[in-house]
Amino acid sequence: MFNFLNLEEANPTPQQIARSLRWLGWIGFWLQALLGFIPLLVVVTTVIFNPGRRQSSGFSFGIGLAIVCLVILIFSIYWCFRYTQLAKKLEISQMRPAKSQVSQDIKLGLIANIAIMVFAVLIALSRVGELTFKMLILPQGSTVITPNPTTTMLTQGAMITPSNMIAIQAMVNAISAGLVGTIVALLLLYQIGQHHNPQD
């Protein structure tokens, strides 16, 4: 389907580039949408449905970074869809944009996905570092009392809660979504770089 590394085909036609834009655009769109579901869910529940926690701890820098990361992820999902629309223009010679314009659009998608990964890694370093610090300050073999509305539970060193694990999963998903978008953009940039047309 894709002949990105085929040296015999060093000058792909606009139709071949359009086909790659369409397929990779849809692949990036669906993978980023699926991977972005958990981060979206975590940010929405933290910001909207948990106002008590937000008021007690203030609007933290981590939540702000998470919202910025999520906004860029939503933009990147839209941008992958935009690749499919760009493919339609490339197939029609009268509507065909210049090679420089196509490259610029793909580079914008690449920058957005790198930003997703940078923000998600910063959030992950902060959150995992905080959990690691909490675990390290516990005395060895200590018992943590977890209050519950019905009973009080005694657990052996339980500092990582299910919500912590869901937050970590959300960060991993955001990094993965950014990686998918970066790979899509790099593959497209490579193929466009192989296209040589003096008129573009």
Measure the shortest side-chain to side-chain distance between Glu91 and Pro14 over non-hydrogen atoms and say whether it is less than 4.5 angstrom. no
What pair of heavy atoms forms the shortest contact from Pro97 to Lys89, and how long is it? CD-CB, 4.0 Å
Transitive ILVMFWY side-chain link Leu34 to Ile27, under 4.5 Å: no
Check whether any side-chain heavy atom of Ile116 sits under 4.5 Å from a side-chain heavy atom of Leu179, and report yes or no. no
Which residues pass the side chain to side chain contact (heavy atoms under 4.5 Å, CB included) test with Leu122, not counting sequence neighbours? Leu65, Val118
The reported gap from CG in Leu188 to CG in Leu86 (rounded to nearest 0.5 angstrom) is 9.5 Å
For Glu130, side-chain hydrogen bond (donor to acceptor under 3.5 Å, both in side chains) partners two or more places apart: Arg127
Considering residues at least two apart in sequence or located in another chain, which fulfil the side chain to side chain contact (heavy atoms under 4.5 Å, CB included) criterion with Trp26? Arg22, Phe29, Trp30, Phe81, Thr84
Check side-chain hydrogen bond (donor to acceptor under 3.5 Å, both in side chains) between Gln104 and all other residues, then give those that pass, not counting sequence neighbours. none
Nearest heavy-atom approach of Phe119 to Cys69 is CB-CB, 3.9 Å
Which residues pass the side chain to side chain contact (heavy atoms under 4.5 Å, CB included) test with Leu186, not counting sequence neighbours? Leu110, Thr182
First locate atom CD of Gln16, then atom CD of Gln191, and finally report the distance between them rounded to the nearest 0.5 Å. 7.0 Å
Pairs satisfying salt bridge (Lys or Arg N to Asp or Glu O under 4.0 Å), at least one member in residues 170-190, at least two apart: none
What pair of heavy atoms forms the shortest contact from Gly109 to Tyr83, and how long is it? CA-OH, 3.6 Å
What donor-acceptor contacts under 3.5 angstrom involve side-chain atoms of residues 70-78, with partners at least two apart or in another chain?
{"residue": "Ser76", "atom": "OG", "partner": "Gln32", "partner atom": "OE1", "Å": "2.9"}
{"residue": "Ser76", "atom": "OG", "partner": "Gln32", "partner atom": "NE2", "Å": "3.1"}
{"residue": "Ser76", "atom": "OG", "partner": "Asn113", "partner atom": "OD1", "Å": "2.8"}
{"residue": "Ser76", "atom": "OG", "partner": "Asn113", "partner atom": "ND2", "Å": "3.1"}

Tell me which pairs pass salt bridge (Lys or Arg N to Asp or Glu O under 4.0 Å) where either residue lies in residues 103-124, with sequence neighbours left out. Arg82-Asp105
Should Leu31 and Val184 count as side-chain neighbours, where that means a heavy-atom distance under 4.5 Å? no
Nearest 0.5 Å, please: how far is CG in Leu21 from CG in Leu187? 11.5 Å
Side chains of residues 169-177: which donor-acceptor partners sit under 3.5 Å, not counting sequence neighbours?
{"residue": "Gln169", "atom": "NE2", "partner": "Asn173", "partner atom": "OD1", "Å": "2.7"}
{"residue": "Asn173", "atom": "ND2", "partner": "Leu35", "partner atom": "O", "Å": "3.3"}
{"residue": "Ser176", "atom": "OG", "partner": "Val172", "partner atom": "O", "Å": "2.9"}

Is Gln15 close to Leu90 at the side-chain level, that is, under 4.5 Å between some pair of heavy atoms? no
What distance separates Ile168 CD1 from Leu131 CG, expressed to the nearest 0.5 Å? 5.0 Å
Other than Val42, what residues sit in its cluster of Ile, Leu, Val, Met, Phe, Trp and Tyr side chains whose heavy atoms are under 4.5 Å apart, directly or through others? Phe37, Ile38, Leu41, Ile166
Which pairs with one or both residues in residues 177-193 pass salt bridge (Lys or Arg N to Asp or Glu O under 4.0 Å), sequence neighbours excluded? none
Linking Ile, Leu, Val, Met, Phe, Trp and Tyr by side-chain heavy atoms under 4.5 Å, what else ends up with Leu136? none
Leu108 versus Trp79, closest heavy-atom pair with distance: CD2-CZ2, 3.5 Å
